[in-house]
Number of protein chains: 2
Amino acid sequence: MPDSYRRLGQMIKSLRGSGRRITPQRLAVLKILAASKDHPGVEMIYRQVKKDFPTTSLATVYKTVTLLRELQEVLELGFADQGSRYDGNRPSPHPHVICTKCGSIVDSQFSQMKELAREMTQETGFEITHHRLDFFGLCPKCRSS
Amino acid sequence: MPDSYRRLGQMIKSLRGSGRRITPQRLAVLKILAASKDHPGVEMIYRQVKKDFPTTSLATVYKTVTLLRELQEVLELGFADQGSRYDGNRPSPHPHVICTKCGSIVDSQFSQMKELAREMTQETGFEITHHRLDFFGLCPKCRSS
DNA sequence: ATATGTGCAAATGGTTTGCAGTGAG
DNA sequence: CTCACTGCAAACCATTTGCACATAT
């Protein structure tokens with residue numbers, strides 16, 4: 001997966017560039033975020049990291065993802081009624097499709113958000129900085145069961 | 001405001017229709033939701049209701065808005081990092097524009113979501129049931145200050 | 001050497017819940 | 001007269017924070 005390697009490198013560069021250190025625990029979190037396409041939550045990352053570093057704490061995972069979010073190296077999908085999920089492959093806002101039954105999240109290719117944002121500025125006078133678009137429904141698997 | 005009257009009537013009908021009772025506290029919440037265009041949060045509703053019914057509890061407000069959400073008489077805008085906001089004027093999903101500085105929320109007229117949802121079904125195989133589209137940025141007032 | 005990171009436990013804050021008493025229908 | 005609703009306090013749960021110790025650079 002050359003793509004996830006590039007992302008991992010970019011994350012490390014960002015951290016180093018802002019004076020942060022690359023600890024083993026942190027690196028483990030970065031690798032998971034750079035590689036996984038299923039938008040893991042903190043708990044899932046935590047479980048994975050503990051396989052290699054059993055003493056890792058949940059707080060450390062939280063601190064790392066928060067850091068990456070601030071550096072815009074990860075896209076956080078926060079939900080009001082459940083834990084946040086993270087997209088480490090595409091850190092810039094893009095639409096997601098979310099299964100309300102099994103919780104799976106998939107990326108969408110739809111890319112006309114820039115235009116929409118411009119329309120919104122026209123309509124409302126806001127200076128738009130970012131956006132969020134989620135579709136909810138049943139994934140193919142859950143549809144047929 | 002004949003429009004908010006219609007909404008209020010609809011809310012009451014929904015509640016009655018599902019075997020619920022119209023208490024004074026509840027009615028006060030309904031009125032606020034039907035009338036306000038600024039997407040109030042629970043705390044704001046609570047403060048308003050207490051003016052007329054000082055003994056009202058926050059829990060009652062929560063229970064009422066949850067009920068209305070379930071009956072689809074109110075659109076809940078949940079956020080991961082702050083309290084939810086409620087739209088009692090347009091209960092079906094529609095885009096919102098949110099000021100990241102002052103927290104104001106305005107509705108948008110953009111209405112091509114149906115088409116987009118169809119595209120998403122094509123692209124992902126999901127059966128889309130609803131969606132959420134938020135734009136974030138600075139409102140005109142906050143832009144110039 | 002020296003800040004930054006870790007891990008633990010306690011705190012936070014929005015929301016929910018259990019339950020005894022109240023009141024809408 | 002009955003069952004849903006209210007109000008209070010306690011419980012919940014994801015996330016954050018304080019702090020002593022450890023460690024990347």
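Between B:T60 and D:dG7 there is a side-chain N or O to OP1 or OP2 distance below 4.0 Å.
Residue A:L15 is grouped with residue A:M11 when hydrophobic side chains (ILVMFWY) are merged at heavy-atom distances under 4.5 angstrom, including chains of intermediate members. Note on A:I45 and A:L8: same hydrophobic cluster, where clusters join Ile, Leu, Val, Met, Phe, Trp and Tyr whose side-chain heavy atoms are under 4.5 Å apart, directly or indirectly. Hydrophobic clustering (side-chain heavy atoms under 4.5 Å, transitive across Ile, Leu, Val, Met, Phe, Trp, Tyr) groups A:V65 together with A:L67.
Here the closest heavy-atom approach between residue A:C99 and residue A:C102 is recorded as SG-N, 3.5 Å. Here the shortest heavy-atom pairing between B:H130 and B:P93 reads CB-CG, 4.2 Å.
Scanning residues 81-88 of chain B for heavy-atom distances under 4.0 Å to DNA chain C yields B:G83, B:S84. Listed in residue order, the members of residues 39-52 of chain A having a heavy atom less than 4.0 Å from DNA chain C come to none.
With A:R20 contributing its side chain and A:I12 its backbone, the two residues share no donor-acceptor pair below 3.5 Å.
Atom CG in B:L27 sits about 14 Å away from atom P in D:dC5, given to the nearest Å. We find that OH of B:Y62 is positioned 16 Å from P of D:dT6, with the value rounded to whole Å. Put simply, NZ on A:K63 is 11 Å from P on C:dC8, counting in whole angstrom units. Atom CG of B:L15 and atom C1' of D:dC5 are 12 Å apart (whole Å). Rounded to an integer number of Å, the gap from CG of B:L67 to P of C:dT17 is 13 Å. For the pair B:F79 CZ and D:dT15 P, the computed distance is 16 Å after rounding to whole Å. Atom CZ of A:F53 is separated from atom C1' of C:dG5 by 14 Å (rounded to the nearest Å).
The terminal axes of the helix from C:dA1-D:dT25 to C:dG25-D:dC1, fitted over 5 pairs per end, subtend an angle of 40° to the nearest 10°.
Looking at which nucleotide of DNA chain C each of A:P54 and A:G19 is closest to, the 5′-most match is held by A:G19. Mapping B:R26 and A:T66 onto DNA chain D via the closest heavy atom, the residue that lands nearer the 5' end is B:R26.
Every residue two or more places apart in sequence or in another chain was checked for a ring-ring contact (aromatic ring centres under 6.0 Å, His included) with B:Y46, and none qualifies.
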Collect all protein-nucleotide pairs involving nucleotides 11-13 of chain D in which both atoms are nitrogen or oxygen and the distance is under 3.5 Å.
none

Nucleotide N/O to protein N/O under 3.5 Å, stretch nucleotides 9-12 of chain C:
none

(message) Using a 4.0 Å heavy-atom cut-off to protein, can you give one letter per nucleotide of nucleotides 20-25 of chain C, 5' to 3': B if the base is in contact, S if only the sugar-phosphate is, - if neither?
(response) ---BBS
Could you go through residues 21-32 of chain A and list every donor-acceptor pair under 3.5 Å that involves a side-chain atom there, pairing it with any protein atom two or more places apart or in another chain?
from: A:T23; atom 1: OG1; to: A:R26; atom 2: N; distance (Å): 3.2
from: A:R26; atom 1: NH1; to: A:R21; atom 2: O; distance (Å): 3.0

Check: residues 109-121 of chain A side-chain donor-acceptor pairs under 3.5 Å, at least two apart:
from: A:T121; atom 1: OG1; to: A:A117; atom 2: O; distance (Å): 3.2
from: A:T121; atom 1: OG1; to: A:F126; atom 2: O; distance (Å): 3.3

For residues 51-63 of chain B, please give each side-chain donor-acceptor pair under 3.5 Å, one per line with the distance, not counting sequence neighbours.
from: B:T56; atom 1: OG1; to: B:F53; atom 2: O; distance (Å): 2.7
from: B:S57; atom 1: OG; to: B:T60; atom 2: N; distance (Å): 3.3
from: B:S57; atom 1: OG; to: B:T60; atom 2: OG1; distance (Å): 3.2

Side-chain atoms of residues 70-83 of chain A: list all donor-acceptor pairs with protein atoms under 3.5 Å, sequence neighbours left out, distances to 0.1 Å.
from: A:E73; atom 1: OE1; to: A:R7; atom 2: NH2; distance (Å): 2.6
from: A:E73; atom 1: OE2; to: A:Q10; atom 2: NE2; distance (Å): 3.1
from: A:E73; atom 1: OE2; to: A:S14; atom 2: OG; distance (Å): 2.6
from: A:E76; atom 1: OE1; to: A:R69; atom 2: NE; distance (Å): 3.0
from: A:E76; atom 1: OE2; to: A:Y86; atom 2: OH; distance (Å): 2.8

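Evaluation of the ring-ring contact (aromatic ring centres under 6.0 Å, His included) test over residues 21-45 of chain B, restricted to residues two or more places apart or in two chains, returns B:H39-B:H96.
No side-chain heavy atom of A:V97 sits less than 4.5 Å from a side-chain heavy atom of A:P95. Put simply, the side chain of B:T100 reaches to within 4.5 Å of the side chain of B:L138, judged on heavy atoms.
We find that B:D87 and B:R90 are not joined by a salt bridge, their nearest charged nitrogen and carboxylate oxygen being 4.0 Å or further apart. Salt bridge annotation for A:R132-A:D134: present, with a cationic side-chain nitrogen under 4.0 angstrom from a carboxylate oxygen.
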